[in-house]
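Shown next, in structure tokens, is the structure this report addresses.
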Amino acid sequence: MGIRFVLMVNKQGQTRLAQYYEYLTIEERRALEGEIVRKCLARNEQQCSFVEHRNYKIVYRRYASLFFLVGVDNEENELAILEFIHLLVETMDRHFGNVCELDIMFHLEKAHFMLEEMVMNGCIVETSKSNILSPIQLMEKAS
Amino acid sequence: MEQLKTIGRELAMGSQGGFGQSKEFLDLIKSIGETRSKNEEDRIVLREIETLKTRLANPNTPKFKLKEYLIRLLYVEMLGHDASFGYIYAVKMTHDENLLFKRTGYLAVTLFLNEDHDLIILIVNTIQKDLRSDNYLVVCAALNAVCRLINEETIPAVLPQVVELLGHQKEAVRKKAVMALHRFYQRAPGSVSHLISNFRKRLSDSDPGVMGATLCPLFDLITTDVNAYKDLVISFVNILKQVVERRLPKSFDYRQMPAPFIQIKLLKILGLLGNGDKKTSEHMYTIVGDIMRKIDSTSNIGNAVLYECICCISSIHPNPKLLEAAADAISKFLKSDSHNMKYLGIDALGRLTKISPEIAEQHQLAVIDCLEDPDDTLKRKTFELLYKMTKSSNVEVIVNRMIDYMININDNHYKTEIASRCVELAEQFAPSNQWFIQTMNKVFEHAGDLVNAKVAHNLMRLIAEGFGEDDDTADSQLRSSAVESYLHIIGEPKLPSAFLQVICWVLGEYGTADGKYSASYISGRLCDVAEAHSTDDIVKAYAVTALGKIYSFEIAAGRKAEVLPECESLIEELLASHSTDLQQRAYEVQAIVGIDAHAVENIMPMDASCEDIEIDKSLSFLDGYIQQAIEKGAQPYVPESERSGMSNISNFKSQEQHESLTHSLRFEAYELPKPSMAPHVPPVLASSTELVPVPDPYNHTEVHYSATPMPSVSNAGSSELKLRLDGVQKKWGRPSYSSPASSTSNNDAPKIQNGTTQRDSVGSANSKARDVSYESRKPQVGISPEKQKLAASLFGGASKSDRRQSSSSQKVPKNNSHSADKSHVEKTATSDTVAIKTSQPPQDLLDLGEPTGTSIPPSLDPFTQLEGLLDLTQDPTTLNTWWR
């Protein structure tokens with residue numbers, strides 16, 4: 001299935017966005033997020049951007065105070081996922097202009113909409129920034 | 001600065017139209033953002049929950065407010081609290097006409113509910129309506145929801161519309177319709193099996209986005225059935241070519257790479273299609289080679305594509321040119337400073353070693369660097385590589401490394417994994433029995449409670465069965481060395497329960513078999529185990545049953561069972577145990593001590609753990625007894641199914657009833673003595689009733705609980721039988737004792753194997769074998785500090801048959817140059833015939849390389865040759881229109 005979840009968590013371990021492509025209960029999510037963030041925080045910049053956790057492989061990238069974490073299964077190309085994270089950030093950047101943690105917090109639904117365009121059923125389906133953003137811009141115009 | 005930015009953004013947001021937020025919302029987000037502790041955050045969220053509960057209940061809430069509340073609800077759940085009280089409002093919002101509200105409603109619903117939630121049924125109608133909307137953005141929103149919310153049962157409700165939307169004029173809709181169909185395929189492949197052709201059709205969609213999305217379902221389909229899609233290989237190759245030639249819109253570029261994510265997906269698909277298929281693979285060589293040549297390996301994304309090329313190359317039918325290019329790329333990865341690159345390099349190496357085993361050798365030092373790197377991810381990846389390249393010549397070094405690592409990690413998930421890998425490698429490549437036992441001991445000692453129970457049973461089985469060769473001496477050597485090592489280890493504190501069970505079982509079965517140790521010594525040690533683990537009933541059960549075996553072997557050998565005082569007191573104590581299982585075992589041991597040799601031989605035959613045990617499920621041995629009872633006027637038994645009058649029950653049900661029927665029968669068996677049984681073969685059932693004056697109900701429940709660990713133990717020898725016995729023995733209890741005995745009761749064949757004659761010879765052979773094993777162990781430990789040495793042992797490899805060679809390799813003057821090491825390895829290889837067979841890589845290479853060698857003469861460039869081929873095969877209907 002490829003991507004199992006996309007998380008944005010700040011360095012205090014607070015979740016800023018969570019999208020799961022398989023169902024987990026709130027408790028499971030809470031536990032998982034805590035464990036993963038602890039693991040990633042313990043790593044330094046030189047180390048791999050990939051961490052194994054339970055059955056997941058976590059690909060993570062840090063932007064200022066915010067961690068972007070993508071859980072994938074074994075067959076995924078980790079480096080491509082790492083770049084996918086950057087594509088997501090670039091897309092948000094184009095929309096918000098110099099995106100920061102607060103943009104995502106204040107516009108949680110928009111961040112989700114972008115992700116909805118990019119990932120479906122755990123697969124990357126859209127990588128063209130204009131295609132990703134056009135529905136959101138149209139929606140903004142309409143309302 | 002941060003503050004200023006915040007204020008600036010707030011101001012800016014105030015002016016935003018539809019997405020504008022209230023002061024209250026801004027304050028909430030700000031306070032959540034500023035919390036410094038989880039407690040504080042929880043307090044805010046709990047307060048927010050109360051606020052939302054009252055606000056949402058107000059029927060006059062304006063819609064834009066409702067939308068904001070929904071987003072606040074999203075926060076509640078995202079931060080780990082239950083927001084189920086508000087789910088219904090999310091559902092309601094999906095009914096809204098306004099697109100933004102609707103989409104927010106759908107978003108909230110997809111985040112809150114899983115596809116089996118009761119509320120989904122309230123949305124299906126809305127989804128149906130929205131799929132018909134004129135506004136394509138509404139249709140898209142609905143399709144997003146379809147992908148998340150429709151389960152197997154509701155698929156038919158939306159399927160026709162989704163199929164219709166595959167031909168929608170807006171590419172965004174077509175793309176999402178493809179993904180909705182993909183979702184249905186994931187959920188219930190049967191529901192869309194007649195629609196699969198649509199995916200093929202969409203591959204030639206005029207929009208590259210739709211084409212790109214279609215690769216996802218096609219990838220899944222090809223994974224499950226490669227052969228059905230071989231015809232598409234030319235299309236895939238063509239598409240990939242177009243992508244690489246930048247015929248896609250610029251907006252798909254990422255870091256100057258044309259649509260890299262589509263390239264990667266296509267390479268994955270090609271890898272699947274070309275796997276083990278020379279003809280199909282040949283179509284791909286040119287394009288994969290082109291990509292690798294042109295790639296910009298300074299960017300991450302370029303390397304991601306490059307890595308995917310290597311994956312593809314190692315999956316398809318090997319091509320020498322491509323393999324060479326892949327090897328070059330790998331060495332670039334491994335030489336990089338970036339850990340991410342090294343990680344990919346190690347992974348790629350693991351893939352390629354299957355085809356060209358010699359390639360790992362070229363990078364031995366890089367691999368060892370990664371193995372010793374403090375970065376855990378890199379280390380684990382390297383262990384994965386080592387696991388893949390393990391052979392009998394390097395198994396010792398690799399497994400020892402793995403165990404060392406295993407001991408030092410806390411992550412139970414990974415510990416379990418690496419332990420099972422150690423076991424697997426040890427089982428597959430063990431150079432000697434002694435080494436195998438030692439390795440298993442270490443695994444059990446450090447991860448005993450994590451390893452699968454099956455591993456313990458396998459170990460017991462292996463010790464019981466030997467290595468399958470018809471060499472009894474070797475088998476008894478194996479057992480003796482196991483006993484030896486267990487007696488050595490047994491005193492250590494904190495041994496895991498599973499390991500102690502193995503130890504007790506082995507000591508019981510084979511502790512006295514070679515005559516080296518007296519029965520009283522072994523039974524004393526067993527007693528110590530039981531006493532030291534007085535809280536572990538299972539271990540105690542194993543120990544006491546083992547005692548019983550020791551005594552019965554003594555009696556069978558014509559000696560008197562000498563019960564040590566401490567054993568006696570242990571048995572005394574267990575006779576009064578709260579666990580009826582332990583009680584029963586104690587009574588059994590007590591009874592065995594009092595029986596004559598002939599009876600004991602039947603109850604506890606020597607070394608019979610591997611014998612098949614036939615279980616008479618119909619209890620036909622009771623027929624005589626039943627006959628007698630009926631003659632005396634007893635009512636014949638009426639099966640439950642007939643009693644209840646249900647004659648038309650399905651097979652399955654009647655089977656179930658049959659099961660419960662055996663249950664009730666067993667009760668009878670326990671309660672009634674069987675005077676009719678032949679006296680010289682004490683049938684287990686009869687004897688157990690005599691021996692165990694325990695109230696039946698207790699016995700019944702207890703047996704169920706405690707019998708579980710035992711069954712597979714006593715039968716560890718008979719893998720085929722194991723499954724069948726599991727169920728049966730649960731019902732019958734006390735397997736270790738009853739299983740051999742019950743077989744005698746059904747089938748009087750004597751099971752006694754002559755243990756005594758073997759004993760003397762085995763004893764001496766064993767001690768010799770032990771010495772050898774210890775001697776050769778020591779040098780192994782000394783190797784690791786020297787990287788070069790490690791490299792030699794990992795990659796060059798001394799032979800399986802002779803470990804003395806690996807120790808002699810240490811005496812070779814320390815010539816630290818790589819080539820010297822290698823040449824030494826070659827020397828050892830030629831000096832030992834067995835080594836040639838096991839560790840000489842070129843032979844493997846030849847095997848694999850040959851087919852390619854003959855098909856494409858190495859002097860010719862396969863690319864140019866294939867280019868011509870491709871032109872001919874190019875399909876005029878090349879499914880693609882979008883690049884024109």
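Every chain is numbered from 1 and lettered A, B, ... according to where its sequence line falls, protein lines coming before strand lines.
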* Should A:Arg30 and B:His81 be marked as a side-chain contact (heavy atoms from CB on, under 4.5 Å) after you check the CA-CA gap, both sets of side-chain angles, and the distance that decides it? -> CA-CA 9 Å; A:Arg30 205 175 169 156; B:His81 297 263; 4.2 Å; yes
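- Interface residue A:Ile26: only side-chain heavy atoms are found under 4.5 Å from chain B.
- Proximity to chain B (any heavy atom under 4.5 Å) is shown, for A:Lys141, by neither the backbone nor the side chain.
- A donor-acceptor contact closer than 3.5 angstrom links the side chains of B:Asn340 and A:Ser49.
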* Worked check of side-chain contact (heavy atoms from CB on, under 4.5 Å) between A:Val119 and A:Val125 -> CA-CA 6 Å; A:Val119 181; A:Val125 291; 5.9 Å; no
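- At a 4.5 Å heavy-atom cutoff, B:Leu215 makes no contact with chain A through either its backbone or its side chain.
- Contacts between A:Ala142 and chain B at a heavy-atom distance below 4.5 Å are absent for every atom of the residue.
- For a residue to count as touching a neighbouring chain, one of its non-hydrogen atoms must lie under 4.5 Å from one of that chain's; by this rule B:His413 touches chain A with the side chain only.
- A ring-centre distance under 6.0 Å is not found for A:Tyr60 and A:Phe68.
- Both the backbone and the side chain of B:Thr35 have a heavy atom closer than 4.5 Å to some heavy atom of chain A.
- Both the backbone and the side chain of B:Arg103 come within less than 4.5 Å of a heavy atom in chain A.
- A:His95 and A:Asp103 share no donor-acceptor pair across their side chains, judged by distance under 3.5 Å alone.
- For chain B, the nearby parts of A:Asn55 are the backbone and the side chain; heavy atoms of each come within less than 4.5 Å.
- Heavy atoms of B:Glu41 lying under 4.5 Å from chain A belong exclusively to its side chain.
- For a residue to count as touching a neighbouring chain, one of its non-hydrogen atoms must lie under 4.5 Å from one of that chain's; by this rule B:Ile264 touches chain A with the side chain only.
- Heavy atoms of A:Gln46 lying under 4.5 Å from chain B belong exclusively to its backbone.
- Only the side chain of A:Leu108 has a heavy atom closer than 4.5 Å to any heavy atom of chain B.
- At a 4.5 Å heavy-atom cutoff, the contact between A:Glu90 and chain B is made by side-chain atoms alone.
- Between B:Lys176 and B:Asn144, the side chains place a donor N or O and an acceptor N or O closer than 3.5 Å (distance only, hydrogens not considered).
- Interface remark: A:Leu82 contributes side-chain atoms only to the contact with chain B (heavy atom separation under 4.5 Å).
- In this structure, no portion of A:Glu101 lies under 4.5 Å from any heavy atom of chain B.
- The contact between B:Tyr414 and chain A is made entirely by side chain atoms (from C-beta outward), counting heavy-atom distances below 4.5 Å.
- Taking the six-membered ring for Trp, A:Phe5 and A:Tyr56 have ring centres closer than 6.0 Å.
- The side-chain heavy atoms of B:Met341 and B:Asn300, taken from C-beta on, include a pair separated by under 4.5 Å.
- In this structure, chain A has heavy atoms under 4.5 Å from both the backbone and the side chain of B:Ile301.
- Residue B:Leu344 touches chain A through its side chain alone, counting heavy-atom pairs closer than 4.5 Å.
- No side-chain N or O of A:Glu109 forms a donor-acceptor pair with one of B:Thr104 less than 3.5 Å apart.
- In this structure, a donor-acceptor pair under 3.5 Å is absent between the side chains of B:Tyr254 and A:His86.
- Heavy-atom distances place both the backbone and the side chain of A:Asn77 under 4.5 Å from chain B.
- Highest contact tally toward chain B, considering only A:Glu52, A:Glu33, A:Glu75, is held by A:Glu52 [criterion: heavy-atom pairs under 4.5 Å].
- For chain A, no part of B:Lys342 is nearby; none of its heavy atoms comes within less than 4.5 Å.
- Of the two parts of B:Asp411, only the side chain, counted from C-beta on, holds a non-hydrogen atom closer than 4.5 Å to a non-hydrogen atom of chain A.
- Contacts of A:Tyr20 with chain B are made by backbone atoms alone, with heavy-atom separations under 4.5 Å and no side-chain atom involved.
- Using cut-offs of 30° and 60° on the angle between ring planes, the pair B:Tyr75 and B:Phe25 is perpendicular.
- Side chain to side chain, B:Ser22 and B:Glu68 meet the donor-acceptor criterion of an N or O pair below 3.5 Å.
- With 3.5 Å as the limit, one finds no donor-acceptor pair spanning the side chains of A:Tyr21 and B:Arg148.
- The closest side-chain donor-acceptor pair between A:Tyr23 and B:Asp116, if any, does not fall under 3.5 angstrom.
- Comparing B:Glu115, B:Lys175, B:Lys250 by how many heavy-atom pairs each has under 4.5 Å with chain A, the most go to B:Lys175.
- Note on ring orientation: taking the six-membered ring where Trp is involved, the planes of B:Tyr343 and A:Phe50 are tilted (angle from 30° to 60°).
- With a 4.5 angstrom heavy-atom cutoff, A:Arg16 touches chain B via backbone and side-chain atoms both.
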